[in-house]
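A short write-up of the structure that comes next.
Indexing begins at 1, ligand by ligand and atom by atom, following the structure's order. Fair warning: this is a prediction, and the values are worked out from it, not measured in the lab. Count residues from 1 along the sequence.
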Amino acid sequence: MTTALVTRLTADDLKGLKKSLPDWDLTSGDTALERHLQFKDFRAAWAFMTEVAHYAEAVDHHPEWSNVYNRVAIHLTTHDAKGLTEKDLKLARFINGAAAEHQGDTVHASPNHS
Ligand SMILES: C[C@H](O)[C@H](O)[C@H]1CNC2=NC(N)=NC(=O)C2=N1
């Protein structure tokens with residue numbers, strides 16, 4: 001068990017997130033990160049989710065997410081720490097890479113648009 005990883009991020013860490021993870025929003029009183037993605041179609045969204053799911057299982061850190069056809073909404077937090085930890089940042093960076101791999105299929109999405 002890597003104790004350091006379940007330590008909540010500090011206020012200074014959180015301030016740096018706008019720059020280091022510009023595609024993510026701090027939500028839920030700074031205890032979570034959210035990103036909304038839109039893909040070409042359901043197949044592309046599901047391929048992306050499959051890639052992230054395998055990674056999440058390997059590192060035992062799982063996203064809260066929902067999928068509606070070609071859209072995927074992702075909420076990251078560390079339940080054990082009741083807030084954000086380095087584990088969420090690592091998962092967010094992996095998700096960014098997986099999304100970029102499907103770049104042709106990915107466009108920015110707002111949560112309120114279908
Ligand atoms: C027992 C298992 O290691 C824990 O429940 C893991 C599983 N995946 C997890 N995922 C997330 N997002 N937060 C956790 O605290 C967490 N804990």
Gap between atom CG of D23 and atom CZ of R35 - 0.5 Å precision
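One finds 4.0 Å between CZ of R35 and CG of D23.
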Around ligand 1, what residues show up once you keep those with a heavy atom under 4.0 Å from it?
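Shell around ligand 1 (4.0 Å, heavy atoms): D60, H61, H62, T77, T78, H79, D80.
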Does R43 form a side-chain hydrogen bond (donor to acceptor under 3.5 Å, both in side chains) with N70? I'd like the steps, not just the answer.
CA-CA 8 Å; R43 182 182 291 265; N70 62 340; over 6 Å; no
Residue pair A32 / T77: nearest heavy atoms and the distance that separates them
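Scanning both residues completely, I find the closest heavy atoms to be CB-CB, 4.2 Å.
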Is any side-chain N of the basic residue among E86 and R93 closer than 4.0 Å to the acidic one's carboxylate O?
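Here E86 pairs with R93 in a salt bridge, since their nearest N and O are under 4.0 Å apart.
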Using the test ring-ring contact (aromatic ring centres under 6.0 Å, His included), find all partners of F42 that sit at least two apart in sequence or belong to another chain.
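With sequence neighbours excluded, F42 shows a ring-ring contact (aromatic ring centres under 6.0 Å, His included) to W46, given in chain and number order.
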If you measure only the distance, is there a donor-acceptor pair under 3.5 Å linking the side chains of H61 and D88?
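Result is yes, a qualifying pair exists.
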